[in-house]
Amino acid sequence: MKKTPIKHSWAEPYKIKMVELLKMTTPAQRRKAMAAAGYNTFLLKSEDVYIDLLTDSGTSAMSDRQWAGMMLGDEAYAGSANFYHLEKVVQEVYGYKYVVPTHQGRGAENILSQVMIKKGDVIPGNMYFTTTRLHQELAGGVFHDIIIDEAHDSSSQHPFKGDVDLNKLEALVREHGAEKIPYVCIAVTVNMAGGQPISLGNLKALRAYTQKLGIKIILDMTRIAENAYFIQRREPGYQNKSIRSIVKEICNCTDGATMSAKKDALVNIGGFMALNDPDDYEEASNLVVVYEGLHTYGGLAGRDMEAMAIGIMESVSDDHIKARIGQVIYLGEQMMQMGIPITEPIGGHGIFIDAKRFLPHVPQDLFPAQALAAELYIDSGVRTMERGIVSAGRNAKTGENYYPKLELVRLTIPRRVYTQAHMDVIAESVANVYEKRKKIKGLRMIYEPRYLRFFQARFEKIR
Ligand SMILES: *Cc1c(COP(=O)(O)O)cnc(C)c1O
């Protein structure tokens, strides 16, 4: 195998102070564990997993400073000092006026959707996200995808596959009227498209168009620092701007945001909603009391808010984000050299294997991505997850399966957790399964939960 040329050094700007020991398992043990989990990697016990790429959510390694911050928890029920620290950091780094903490991202999505969506409203977005769309629907809205077509093509080399197609938005405005569209929901980077960024040029054009019509923009800012890194590397005029200044510029184009701090912000739990409109804020801080907790803790301990405040500052450091995405690109380039079909360009938080091209003989009804994730675990103890027909679920009205164009296996890289040697093990295991891919026949679903079925569905092997 040819060695990957490293185009720029991405070596980590930290060293390791504490380690977590892992259990090593045999293929026989893993076959048994996978069958017991109904071929759903979400149902495996984490102690049976060697390298856990299920998600980058809440799986980051915190820094010594964040851990020190945990000791400064002010666990007062109301008015915790850690809340005011978090509020100050969000105001300074992202530039929003008001902050409402929540237990995690979906807590913020629930409240924001209830505050802003009326029954029958239309919510355009640059591709759906599972929890985001569900909360929009539960609040009475209907989601419409307005991402550019290239986002649905895993081999398109477009540098900003998270961009919005303004023609698609215009068509929605013509059909439904601007008054039916309370806001456009913009994700940075787009998770379901493979961690693909939106450009600032596109966001500014969207802003100019929506402002004329009185439509707001709400950011799903879960991976905003990662998006900023791609802007710095790819968008003309941003090469000499800091990640921190690009992050602020993105937020400045929007009216508010929901955040899952379990991703970019380097904490194991936490989230918030940030708003500029005082009336929306009043309504949100009222509702948060019903679902999460008082508006100065929103379901979080004081120490969690402190770790989040410190994590946000670390997340917008240029050195941090270069190493974080450098590691993802290192893994992706290895897999490309081995001829594995993956989503290109390589995204910010993981590698997405194209299961349709990996297993062209398995029809989408037999869940190729789900089956591939199960085989990868059995091969090496690497845990990945499905992002295809199982994740897409069913149309709430008709009950029909959604058939997404993208049928992917997601290898999500936790931040600051695994080493370069771990990346090599992952690439070798994928190559190993690729060699015996003809033997993979697919799965049959034998249990389907009503909501977000990918979390708990169970399958059996097709013989
Ligand atoms: C994880 C995630 C969410 C939901 O956040 P949770 O903290 O898991 O509730 C929303 N949007 C995107 C893009 C995400 O990746």
Side-chain angles (χ1 to χ4, degrees), residues 42 53-60 86 100-114 123 125-139 143 145 147 151 161-162 164 183-198 217-228 230 247 250-251 254 256-274 288 291-293 298-300 304-305 307-308 311-312 315 324 328 347-350 352 385-387 391-393 406 408 410-415 451-452 454-456:
F42 274 100
L53 309 182
L54 188 68
T55 174
D56 63 330
S57 180
T59 53
S60 299
L86 173 66
V100 182
T102 55
H103 77 285
Q104 58 185 83
R106 69 198 69 182
E109 290 171 347
N110 170 34
I111 290 158
L112 185 111
S113 300
Q114 290 200 42
I123 319 297
N126 56 346
M127 209 175 250
Y128 84 100
F129 183 73
T130 52
T131 57
T132 318
R133 184 178 67 193
L134 181 59
H135 281 301
Q136 291 165 356
E137 288 172 353
L138 289 172
F143 167 84
D145 190 3
I147 203 165
K161 286 163 103 171
V164 163
Y183 64 92
V184 178
C185 181
I186 293 299
V188 284
T189 54
V190 182
N191 193 345
M192 303 299 274
Q196 302 295 326
I198 180 171
I217 298 179
I218 297 294
L219 202 60
D220 178 343
M221 65 186 299
T222 296
R223 295 184 184 82
I224 189 168
E226 293 175 6
N227 199 115
F230 288 116
V247 161
I250 296 171
C251 295
T254 71
T258 56
M259 172 65 147
S260 169
K262 301 172 70 174
K263 324 292 179 31
D264 242 14
L266 299 161
V267 287
N268 304 120
I269 194 73
F272 60 80
M273 181 176 4
V288 80
Y291 292 101
E292 305 275 318
L300 293 170
D304 295 329
M305 291 189 283
M308 199 196 312
I312 289 170
S315 78
R324 189 295 185 268
V328 175
H349 64 299
F352 293 70
M385 71 169 283
E386 193 256 17
R387 273 295 182 225
S391 295
L406 295 177
L408 306 173
R410 188 177 84 176
L411 289 71
T412 345
I413 313 299
R415 296 165 186 80
Y451 298 111
L452 301 177
F454 61 95
F455 282 129
Q456 288 148 341

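Atoms within a ligand are numbered from 1 in the order they appear, just like the ligands themselves.
Residue, atom and distance of the protein heavy atom nearest to atom 10 (C) of ligand 1 are Glu109 OE2, 3.0 Å. In terms of protein heavy-atom proximity, atom 7 (O) of ligand 1 is nearest to Ser260 OG, 2.6 Å. Closest protein heavy atom to atom 6 (P) of ligand 1: Gln104 NE2, 3.3 Å. Nearest protein heavy-atom neighbour of atom 12 (C) of ligand 1: Asp220 OD2, 3.3 Å. Of all protein heavy atoms, the one lying nearest to atom 8 (O) of ligand 1 is Arg106 NH2, 3.0 Å. When only non-hydrogen protein atoms are considered, atom 3 (C) of ligand 1 lies nearest to Phe129 CE2, 3.4 Å. The protein heavy atom nearest to atom 1 (C) of ligand 1 is Lys263 NZ, 1.5 Å.
If you check the side chains of Arg410 and Asn191, you find a donor sitting under 3.5 Å from an acceptor.
Annotation for Pro197 and Thr189: closest pair CA-CG2, 4.1 Å, computed over non-hydrogen atoms. Of all the heavy atoms in Met192 and Leu408, the pair that sits closest is O-CD1, 4.4 Å.
Taking only nitrogen or oxygen atoms, main chain and side chain alike, Gly270 does not reach within less than 3.5 Å of ligand 1. Close N/O approach between Thr131 and ligand 1 is not found [any backbone or side-chain N/O within under 3.5 Å].
Below 4.0 Å from some heavy atom of Thr222 lie the following atoms of ligand 1, by number and element: 11 (N), 12 (C), 14 (C), 15 (O).
Asn126 contributes no side-chain N or O that, together with a main-chain N or O of Val164, makes up a donor-acceptor pair within less than 3.5 Å. Not one N or O on the side chain of Ser60 forms a donor-acceptor pair closer than 3.5 Å with the backbone of Val267. The backbone N or O of His103 lies less than 3.5 Å from a partner atom in the side chain of Glu292, making a donor-acceptor pair. A donor-acceptor pair under 3.5 Å links the side-chain atoms of Asp264 to the main chain of Ala225, judged by distance alone.
Between Arg223 and ligand 1 there is a heavy-atom distance shorter than 4.0 Å.
Relative to the ring axis of Phe454, Arg387 places its NZ or CZ within 45° and under 6.0 Å from the centre.
Only side-chain heavy atoms of Lys262 come within less than 4.0 Å of ligand 1; its backbone N, CA, C and O stay farther off.
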